[in-house]
Amino acid sequence: MKQEIRDKILNILKQNNLLFEGVEDKIKIESPKEEKFGDLSTNAAFILSKNLNKKPFEVANQLKELFEKDPYFEKVEVAGGGFINLFISDAFYHQILNKAIEEKDEFGKAKEKNKGKINIEYVSANPTGPLHLGHGRGAVVGNILSNLYDYIGYKVEREFYINDAGNQIKKLGMSVYARFRQIEEPSYPFPEDGYHGEYIKDIAKEIYHYEREKILSFLDEEEAIEFCAEYAKNFLLDEIKKDLKLIGVEFDIWYSERHLYQHGKVEQALKFLESKGLIYEKDGALWLKTSLYGDEKDRVIRKSDGSYTYFAADIAYHYDKYLRNYDFIINVWGADHHGYFPRLKAAIMAFGVKEDWINVLFIQLVKLFKNGEEVKMSKRSGDFITLRELVEEVGKDAVIYFFASKDPNTHLNFDIDIALKKSNENPVFYVQYAHARISSVFREAQQRFNFNPEEDFEADLSLLKEDLERSLMKYISTIPDEIYDATIKNQPHKITNITYELASRLHKYYYYHKFLIENDEKLMKARLYLLKAVRNVLRTLFKIMGITPVERM
RNA sequence: GCGCCUGUAGCUCAGCUGGAUAGAGCAUCGGCUUCCGAUGCCGAAGGUCGCAGGUUCAAAUCCUGCCAGGCGCGCCA
């Protein structure tokens with residue numbers, strides 16, 4: 001709504017030769033907190049007063065006259081100093097409804113990707129086991145965030161960084177190899193810090209089934225471990241992709257850590273930093289002067305044994321992202337990595353990039369509750385509920401909605417009992433029911449009146465005069481603004497609030513008014529038109545979240 | 001010890017770029033269906049916004065200290 005009204009105002013100024021140079025960006029449209037100050041207000045008079053060399057109050061009155069001629073403004077008031085309060089007319093809201101009908105499940109979405117190119121990296125789980133709930137939450141948040149930036153007009157690249165180079169993978173190989181050997185020799189030692197999960201045994205069995213001869217006869221132990229590592233990594237990465245697909249999350253780029261090493265990108269990045277004099281040697285190791293850029297101390301990038309640290313690879317990774325020329329990047333990380341951020345940021349600043357080029361969203365822990373008790377999870381023993389198990393238990397939509405509904409920065413309690421309830425105790429059902437309810441009315445319209453609202457039709461919207469109808473239209477018109485707001489503040493959880501609020505207004509409208517009206521076809525069509533618009537907006541929000549718009553339930 | 005996050009109604013949480021009686025849902029209590037799905041709607045009750053100071057005309061919101069919970073402080077990843 002703000003954007004449309006802003007365009008309208010700028011247009012009026014232009015037509016009256018009032019759009020002076022440099023003025024455009026300064027003119028702001030705000031929504032006043034109090035209803036009596038109108039639907040929107042603008043500071044235009046203050047801005048123009050300098051160019052016109054008049055007092056803001058005078059300019060405001062001049063503008064008021066111009067604005068009043070436009071049918072989108074029902075009333076224009078000049079407040080105290082020169083603020084102009086705008087009361088939007090129904091004609092505007094009717095336009096919004098038409099838009100909601102035309103744009104279907106992409107209501108208010110930017111038509112062009114002209115805001116710039118960004119990269120959002122999320123999940124990036126080690127391919128050493130199935131995804132757990134924390135990954136799931138990160139996946140949902142990252143996915144919605146990506147959809148949001150896409151919605152407001154950014155070209156978004158979604159990326160998963162595969163940690164396939166370090167010790168974790170080696171450990172994985174050793175674990176699988178040990179389980180493999182144990183099949184024939186149960187007393188074969190299992191590595192102390194190996195991966196204990198049952199899935200390791202399953203992979204070992206599979207390898208045993210297909211590759212027993214090869215491993216036992218043709219490979220030495222080191223080669224065998226490497227083989228197991230590679231096999232397990234590919235297997236698990238595949239599982240991760242499947243898990244993500246369950247909640248509708250897909251990536252554009254799968255970026256391999258090993259790729260960085262194989263293509264000399266680590267050396268390349270470090271060379272660049274070295275050329276800036278930011279690298280030095282101490283105690284047989286190479287250090288980066290991160291303390292110059294706000295980190296609490298310098299960090300090792302190459303250990304005294306000659307191998308690189310994880311940090312070194314990460315520097316190379318982000319140097320690569322930097323070379324890819326994004327306007328900015330967002331990383332979605334588990335909160336347990338927050339202590340790592342200052343050094344990465346320091347490295348990026350060392351490239352010569354401005355600080356706010358990188359944004360990190362930290363995802364706090366997920367606790368699971370069932371039958372009123374916390375389900376304890378231990379990663380060490382491999383005894384944890386996986387994302388897949390949760391999806392199987394409560395369904396994809398509930399998982400998405402619950403993960404999305406809380407501020408990523410707060411701890412999340414996931415109550416399985418509530419997610420399973422088919423009642424309004426369960427917000428997912430509440431919002432989905434709103435959608436299904438409209439579809440239900442449409443089916444009834446078809447049956448009773450032989451009128452199918454699913455097809456295109458026209459309606460006389462001036463018949464929508466009820467308070468609930470007008471406030472519903474008004475709320476719809478603010479939704480693109482709210483989505484925009486949620487996006488640039490990186491607060492994807494607000495989408496669930498907006499959805500819930502819209503659903504609530506719909507339920508209320510449904511309760512107080514009838515849509516299928518025996519002897520007033522015009523009114524019936526007008527109301528069905530409004531319902532259809534609401535349903536499209538719901539679909540838009542569902543689409544951003546990845547939730548299914550069910551027709552009946 | 002230092003750093004980051006969190007602490008709002010019995011429970012789960014919004015609100016936190018300061019603004020007027022602090023909002024939802026669930027749970028509790030009381031209403032609303034001859035009529036498009038009551039998987040809904042309306043109302044009541046319920047809060048020292050962790051505690052203590054400070055800034056301000058105005059603080060849940062900003063600052064300081066403290067308390068509680070979580071996380072992090074490696075030549076690990």
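Every chain is numbered from 1, with letters handed out A, B, ... down the list of sequences.
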### Query
Among residues 403-417 of chain A, which residues get a heavy atom nearer than 4.0 Å to RNA chain B?
Lys406(A), Asp407(A), Asn409(A), Thr410(A), His411(A), Asn413(A)
### Query
Where do Lys474(A) and Asp39(A) land on the salt bridge (Lys or Arg N to Asp or Glu O under 4.0 Å) test, with the steps shown first?
CA-CA 9 Å; Lys474(A) 189 171 168 182; Asp39(A) 300 307; 2.5 Å; yes
### RNA chain B contacts among residues 312-320 of chain A, heavy-atom distance under 4.0 Å
none
### Query
Using a cut-off of 4.0 Å on non-hydrogen atoms, how would the nucleic acid contact of Lys494(A) be classed: base, sugar-phosphate, or nothing?
sugar-phosphate
Which donor-acceptor pairs under 3.5 Å do side chains of residues 284-292 of chain A form with protein atoms, sequence neighbours excluded?
{"from": "Trp287(A)", "atom 1": "NE1", "to": "Lys282(A)", "atom 2": "O", "distance (Å)": "3.1"}
{"from": "Lys289(A)", "atom 1": "NZ", "to": "Gly277(A)", "atom 2": "O", "distance (Å)": "3.4"}
{"from": "Thr290(A)", "atom 1": "OG1", "to": "Asp295(A)", "atom 2": "OD2", "distance (Å)": "3.0"}
{"from": "Thr290(A)", "atom 1": "OG1", "to": "Lys297(A)", "atom 2": "O", "distance (Å)": "2.8"}
{"from": "Ser291(A)", "atom 1": "OG", "to": "Asp298(A)", "atom 2": "OD1", "distance (Å)": "2.6"}

### Message
Using the C1' atom as the point on both nucleotides, what is the distance between rU48(B) and rG43(B), in whole Å?
### Response
27 Å
### Query
Should Leu236(A) and Tyr199(A) be marked as a side chain to side chain contact (heavy atoms under 4.5 Å, CB included) after you check the CA-CA gap, both sets of side-chain angles, and the distance that decides it?
CA-CA 9 Å; Leu236(A) 290 168; Tyr199(A) 63 93; 3.9 Å; yes
### Sorted by number, the residues of residues 514-524 of chain A with heavy-atom contact under 4.0 Å to RNA chain B
Lys514(A), Phe515(A), Leu516(A)
### Nearest-angstrom distance, P atom, rC29(B) to rA45(B)
16 Å
### Query
Salt bridge check: are Glu482(A) and Lys494(A) linked by an N-O gap of less than 4.0 Å?
no
### Task
Provide the distance between the two P atoms, one in rC36(B) and one in rG7(B), to the nearest whole Å.
45 Å
### Task
Check whether the ring centres of Phe83(A) and Phe46(A) lie less than 6.0 Å apart, and answer yes or no.
yes
Short N/O separations, protein against nucleotides 72-76 of chain B, under 3.5 angstrom:
{"from": "rC73(B)", "atom 1": "O2'", "to": "Glu296(A)", "atom 2": "OE2", "distance (Å)": "3.3"}
{"from": "rC75(B)", "atom 1": "O2", "to": "Ser304(A)", "atom 2": "N", "distance (Å)": "2.7"}
{"from": "rC75(B)", "atom 1": "O2", "to": "Ser304(A)", "atom 2": "OG", "distance (Å)": "2.9"}
{"from": "rC75(B)", "atom 1": "N3", "to": "Ser304(A)", "atom 2": "OG", "distance (Å)": "3.4"}
{"from": "rC75(B)", "atom 1": "N4", "to": "Asp283(A)", "atom 2": "O", "distance (Å)": "2.9"}
{"from": "rC76(B)", "atom 1": "OP2", "to": "Lys303(A)", "atom 2": "NZ", "distance (Å)": "3.1"}

### Query
Any chance the rings of Phe442(A) and Phe451(A) have centres within less than 6.0 Å?
no
### Task
Would you mind listing every side chain to side chain donor-acceptor pair (under 3.5 Å) that reaches into residues 513-533 of chain A, with sequence neighbours excluded?
Asn98(A)-Tyr529(A), Glu469(A)-Arg527(A), Glu521(A)-Lys525(A)
### Message
Pair Tyr195(A), Gln168(A) - check side-chain hydrogen bond (donor to acceptor under 3.5 Å, both in side chains), show working.
### Response
CA-CA 9 Å; Tyr195(A) 292 99; Gln168(A) 301 301 327; 2.6 Å; yes
### Query
So, is rU33(B) syn or anti if syn means the angle is within 90° of 0?
syn
### Message
Parallel, tilted or perpendicular, judged at 30° and 60°: which one describes the rings of Phe414(A) and Phe403(A)?
### Response
perpendicular
### Task
Quick one: which residue pairs count as a salt bridge (Lys or Arg N to Asp or Glu O under 4.0 Å) with a foot in residues 254-268 of chain A, not counting sequence neighbours?
Glu230(A)-Arg258(A), Lys265(A)-Asp320(A)
### Task
Could you tell me whether Tyr512(A) contacts a base, only the sugar-phosphate backbone, or nothing, with contacts defined as non-hydrogen atoms closer than 4.0 Å?
sugar-phosphate
### Task
Please state the P separation for the pair rA9(B) and rC49(B) - nearest whole angstrom.
10 Å
Sub-3.5 Å pairs of nitrogen or oxygen atoms, protein against nucleotides 29-32 of chain B:
{"from": "rC32(B)", "atom 1": "O2'", "to": "Tyr511(A)", "atom 2": "OH", "distance (Å)": "3.1"}
{"from": "rC32(B)", "atom 1": "O2", "to": "Tyr511(A)", "atom 2": "OH", "distance (Å)": "3.1"}

### Note: Lys321(A)-Glu121(A) ion pair, threshold 4.0 Å (strictly below)
yes
### Query
Would you say the side chains of Asp314(A) and Tyr340(A) form a donor-acceptor pair under 3.5 Å?
yes
### Task
For rG18(B) and rU56(B), measure between their C1' atoms and round to the nearest Å.
9 Å
## Note on the structure
The residue among Trp333(A), Phe251(A), Phe160(A) that forms ring pair (Phe, Tyr, Trp, His ring centres under 6.0 Å) with Tyr122(A) is Phe251(A)
### Message
The criterion is ring pair (Phe, Tyr, Trp, His ring centres under 6.0 Å); which residues satisfy it with His507(A), sequence neighbours excluded?
### Response
Tyr430(A), Tyr433(A)
### Message
When you measure from the side-chain N and O atoms of Tyr500(A) to the phosphate of rA14(B), is any distance below 4.0 Å, counting only OP1 and OP2?
### Response
no
### Task
Applying salt bridge (Lys or Arg N to Asp or Glu O under 4.0 Å), name anything that partners Asp407(A), two or more places apart in sequence or on another chain.
none
### Query
Within the structure shown, what part of the strands sits under 4.0 Å from His435(A) by heavy-atom distance: base, sugar-phosphate, or nothing?
nothing
### Query
Got a salt bridge between Glu551(A) and Arg437(A), using NZ or NE/NH1/NH2 to carboxylate O under 4.0 Å?
no
### Message
Using a 3.5 Å limit on both distances, find every run of at least three consecutive Watson-Crick or G-U pairs that involves RNA chain B.
### Response
B:1-7 with B:67-73, B:10-13 with B:23-26, B:28-32 with B:40-44, B:50-54 with B:62-66
### Counterpart residues, ring pair (Phe, Tyr, Trp, His ring centres under 6.0 Å), relative to Tyr484(A) (two or more places apart)
none
